[in-house]
Structures are given as structure tokens and as C-alpha cells.
Amino acid sequence: MVLPKFSLDAEILGQERMAEAVYRMTVHCPEIAEVAQPGNFVQMRLLGGEIFLRRPFGIADADAGKGTLTFMYRVLGRGTAAFSCLRPGERVNVLGPLGKGFCMDVERPLIVGGGMGLSPLLFYAKSMGKKADVLMGGKHASEMFWTKLFELYAREIYVTTDDGSMGTKGFAVSLLPELLETKNYDAVMACGPDIMMQKTAELSKAAGVPCQVSLEKRMACGLGACLSCSIDTAGGMRKKVCKDGPVFWAEEVFL
Ligand code: FES
């Protein structure tokens, strides 16, 4: 399905610090909130100032009733730092919704996410209406504010931290073989560090469960025009993460 695209100036309704260098921003943008699908992203641009380039932001929630879009993001450079300084009442330009999202035609999905990769998966969990289990990993308990957010939408949540400060000590994928063997999932949806997605795809394949991955690539236009996000695919074709993805079936891409 080709979604309509909008480029609109949107008012910021909320900006909240969730953890060290991690923020949640909500904007009023009813046109995009109405049509956005889990896995879509937007390209956002500051109005005024010295930073003109758009930045991609995965959609962590779209509430058509309230007309809002929510983004979770980590400050990684000057651009995202400037976004984190914006306050309610200020405006940003939002272009979207962009990209192809997750498959919704499943009954019993397992979500596997690490770090900021959990952001688009939150919108997916909400849209699946308590059907999805969630396996999430992080470095330390201080980063695991995600459990509170996913509690609203998930059936079961399994947590790992690298240092054991919350949940099981270790990486998220260490729990995956047992979950895949015992829980009868019909799909796995993954987003996070490359190594986590590689391992998730590998283990899902071995268990015979289809797996989708949401890729992160440096992007410029976000519209399929500049080729900056091109990747090789298993079928031999080059594809664009911004337009053909960011969500792909795991066997389509090289992880
Ligand atoms: Fe330009 Fe993908 S960002 S083609």
C-alpha cells in the first residue's frame, strides 16, 4: 500500500528526557498520525537556525485520535542535540510517513529489540493489541525505561541486561532459543544492534519462524532519490532502505 506523504510544520507538545541522552518528543501532526503504520519513519527538519538537513526519526507511536506522533531518540550529534533543546510550543517540519513497515498479518509475534531499536517496535506492539511477546535487552537497568512503556501493550516481557542489573544477565538473544522452542510464535520482529539482528535472524531461521528486521542506515533524502541508503540484497538487486524498507524479511538482506 502506498501511503500519502505530507510535509507539514508541526507543533511540539512534549519533550521529555527518558535516560542519559535519550528523549521522547511528541508533536501534533494529525495528517501523518492518521495514516502512519508501525515501522514507518519521518524526516524532520528544524525551522530556522544553522542545521538545515533533515534527520530520520522512527515512529514510536501514532495516535490518530489525538493527532499526535511520538518519537524516542538518542542524542548522537549536533542535529539530534538541537532537537532535544526544542520545547513545547515550538515547531518542526515533518515529512512522512516514509518507508515500508512491519507485517501485521500475524497472530503470535515475538518482538526482539535492543536499545533505541525498541522505538519502532513500541508502535508495532501497540498496533498488535496485546498479541506480542517482547524480548528486550540493554546495557544496564537505567536504560530499561522501555519495560514501563511496553507493559501497556505486550503479553509477556522478557528482559536481559549486560550486567544483570535487571532481568536475566546477558544478551537478549541468549533467551531466544528457548522462547522459540516453547512459545509457538508465528513471526519474529527485530530491531536493534546489527549483531543482535544477525543472531535473531539466524536463530529464527533455525526454528522455522519467519523474521523481519528493521534496518538503520545513514539517510539523506528519505524518499528513494539519492541512493545514499542503498544496500545489496540476497536476490542480487540493490535496494533502498528508506523506500524498500526500513523493514525487510531477514532472508532478503545481508545482516
Ligand atoms: Fe536517499 Fe534513501 S535516503 S535514497
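First listed ligand is number 1; within each ligand, the first listed atom is number 1. Just so it is clear, the structure is predicted and the values come from calculations on it, not from any experiment.
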Asp186 side chain to Arg108 backbone, donor-acceptor under 3.5 Å: yes

Atom 1 (Fe) of ligand 1 reached by Cys221 (N, O or S, under 2.8 Å): yes

One finds that the ligand 1 atoms under 4.0 Å from a non-hydrogen atom of Leu227 are 1 (Fe), 4 (S)

In ligand 1, which numbered atoms sit nearer than 4.0 Å to a non-hydrogen atom of Gly222? 1 (Fe), 3 (S)

Output yes when a side-chain donor or acceptor of Lys240 lies under 3.5 Å from a complementary backbone atom of Gly224, and no otherwise. yes

Atom 2 (Fe) of ligand 1: nearest protein contact (heavy atom, Å): Cys229 SG, 2.2 Å

Looking at side-chain heavy atoms only, is the closest gap between Ile157 and Glu151 below 4.5 Å? yes

In ligand 1, the atoms that come under 4.0 Å of a heavy atom of Gly224 are 4 (S)

Need the ligand 1 atom indices (1-based, order shown) with element for anything under 4.0 Å from a heavy-atom of Ala225. 4 (S)

Heavy atoms only, cut-off 4.0 Å: how does Ser230 contact ligand 1, side chain, backbone, both, or neither? neither

Please list, in number order, the atoms of ligand 1 under 4.0 Å from a heavy atom of Ala220. 3 (S)

How does Cys226 reach ligand 1, by side chain, by backbone, by both or by neither, if only non-hydrogen atoms under 4.0 Å count? both

Show which atoms of ligand 1 fall inside a sub-4.0 Å distance from at least one heavy-atom site of Cys242. 2 (Fe), 3 (S), 4 (S)

Say whether, by atom type as modelled, one donor and one acceptor occur between the side chain of Gln43 and the main chain of Ala220 under 3.5 angstrom. yes

Hey, quick one: are Tyr153 and Met189 part of the same hydrophobic cluster, counting side-chain heavy atoms closer than 4.5 Å, chains of contacts allowed? yes

Can you label the angle between the Phe83 ring and the Phe57 ring as parallel, tilted or perpendicular, going by 30° and 60°? perpendicular

Can we say Lys199 and Glu202 salt-bridge, meaning some charged N sits less than 4.0 Å from an Asp/Glu carboxylate O? yes

